[in-house]
Structure formats: C-alpha cells, structure tokens
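We number each residue from 1, following the sequence as shown.
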Amino acid sequence: MKRAIVILFLLTGCDQRPDQWDAFVYPDASNLTANETIRGFKTFELCQRAAIDRMNAIQKPSGGDYECGYKCAPLGSYGGNICKETRK
C-alpha cells in the first residue's frame with residue numbers, strides 16, 4: 001500500500017504544467033486555430049468569466065467560442081495546447 005502511494009505521488013509530481021486555468025477565446029467559431037489566450041486564473045469560474053467578458057468585448061458577427069483549460073502546456077511544433085482538463 002505504501003509503495004502505491006509513493007508511486008502515485010511521484011507520478012503526479014512529474015506534471016510540469018502550471019496549476020492554473022487558462023482561457024482560450026476563439027473570435028471566429030469556424031476557425032479554432034485563431035485564438036486569444038488569457039492565462040493564469042486560480043479557478044475555473046474566474047477563467048470562464050474572463051473568457052465571456054472577452055467574447056462580449058470583441059462582438060464578432062461570425063460568432064465566437066471559448067473554453068477554459070486546466071494545467072495547459074504548448075503542444076509542441078503542432079501548435080495549440082494540451083490541457084489536463086477543459087471546460088466551458
């Protein structure tokens with residue numbers, strides 16, 4: 001049992017992504033490669049509020065979208081991000 005706890009602790013310690021939420025705002029919902037990123041929120045609710053506020057500020061006629069990601073890191077040469085969790 002102790003060994004399993006130690007292994008679990010070591011595996012979770014390997015995650016180098018910041019312990020925060022990041023907002024990804026897509027001004028054009030049909031083009032998800034073009035986005036704005038707002039980083040560094042302590043909670044999902046703060047991230048969501050910032051994303052919605054940004055969507056309201058840009059008011060694109062094509063309509064936009066957003067998502068919040070937890071513990072995100074760049075996806076390397078492919079672009080984009082990989083997150084431990086995403087929510088809307």
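Salt bridge annotation for Asp22-Lys71: absent, with no cationic side-chain nitrogen under 4.0 angstrom from a carboxylate oxygen. In this structure, Arg54 pairs ionically with Glu36, as a charged nitrogen and a carboxylate oxygen lie closer than 4.0 Å.
One hydrophobic cluster holds both Ile52 and Val25 under the rule that ILVMFWY side chains link at heavy-atom gaps under 4.5 Å.
The CD atom of Glu67 sits 8.0 Å away from atom SG of Cys72, with the distance rounded to the nearest 0.5 Å. Within the model, atoms OG1 of Thr86 and CZ of Phe24 stand 9.5 Å from one another, a figure rounded to the nearest 0.5 Å. Interatomic distance, CD1 of Ile58 versus CG of Asp28, reported as 9.5 Å (0.5 Å rounding). Rounded to the nearest 0.5 Å, atoms CD (Gln20) and CG (Leu46) are 12.0 Å apart.
The two residues Cys83 and Gly69 come nearest to each other via the heavy atoms SG-CA, 3.9 Å.
Qualifying salt bridge (charged side-chain N to carboxylate O under 4.0 Å, His left out) partners for Glu45, counting only residues two or more places apart in sequence or in other chains: none. Listed by chain and number, the residues in a side-chain hydrogen bond (donor to acceptor under 3.5 Å, both in side chains) with Asp19 are Tyr70 (sequence neighbours excluded).
Within 6.0 Å of NZ on Lys88 lie more than 12 heavy atoms contributed by other residues, nucleotides or ligands.
With contacts defined as side-chain heavy-atom distances shorter than 4.5 Å, the pair Ile82/Leu75 qualifies.
Sorted by first then second residue, the ring-ring contact (aromatic ring centres under 6.0 Å, His included) pairs that include residues 26-52, not counting sequence neighbours, are Trp21-Phe44.
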